[in-house]
Amino acid sequence: MLTINVAVLLVVIVCFRLRRRTEARSRFDERMTVVIVLALGVLLAPTPVGQGIMDVLGQLASGVTQASR
């Protein structure tokens with residue numbers, strides 16, 4: 001249960017960070033956003049929500065691959 005709460009907090013942080021203007025971001029700020037997004041991915045991956053997202057993305061990728069053939 002704690003993992004979901006930390007993941008929700010990271011989602012909120014990522015949303016606030018991505019709302020800022022691109023010109024106002026420094027390299028450090030961009031790197032920090034990437035680190036936060038990676039941490040969010042690590043927290044979501046083992047959960048049922050993460051597995052569902054992975055299944056949807058897998059189906060989308062296979063659909064794109066089949067459409068390009």
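Note that these values count all heavy atoms, side chains included, but never hydrogens, waters or copies made by symmetry.
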- Message: Taking side-chain contact (heavy atoms from CB on, under 4.5 Å) as the definition, give me every residue that meets it alongside Val42, ordered by chain and number, with sequence neighbours left out.
- Response: none
- Task: State yes or no: do Val35 and Leu9 share one hydrophobic cluster built from I, L, V, M, F, W and Y residues joined by side-chain heavy-atom distances below 4.5 Å, directly or via other members?
- Result: no
- Under the salt bridge (Lys or Arg N to Asp or Glu O under 4.0 Å) rule, what pairs show up with a residue in residues 8-17, not counting sequence neighbours? Arg17-Asp29
Ignoring hydrogens and angles, write down the donor-acceptor pairs under 3.5 Å from the side chains of residues 49-65, residues two or more places apart or on other chains.
unit_1: Gln51; atom_1: NE2; unit_2: Ala45; atom_2: O; d: 2.8
unit_1: Ser62; atom_1: OG; unit_2: Gly58; atom_2: O; d: 3.4
unit_1: Ser62; atom_1: OG; unit_2: Gln59; atom_2: O; d: 2.9
unit_1: Thr65; atom_1: OG1; unit_2: Ala61; atom_2: O; d: 2.8

- Message: Among residues at least two apart in sequence or on other chains, which ones pass salt bridge (Lys or Arg N to Asp or Glu O under 4.0 Å) with Arg31?
- Response: none
- Message: Under 4.5 Å side-chain heavy-atom separation, chaining through any Ile, Leu, Val, Met, Phe, Trp or Tyr, what else clusters with Val12? Say none if it is isolated.
- Response: Phe16
- Out of curiosity, Thr33 OG1 to Leu38 CG, how far, rounded to the nearest 0.5 Å? 11.0 Å
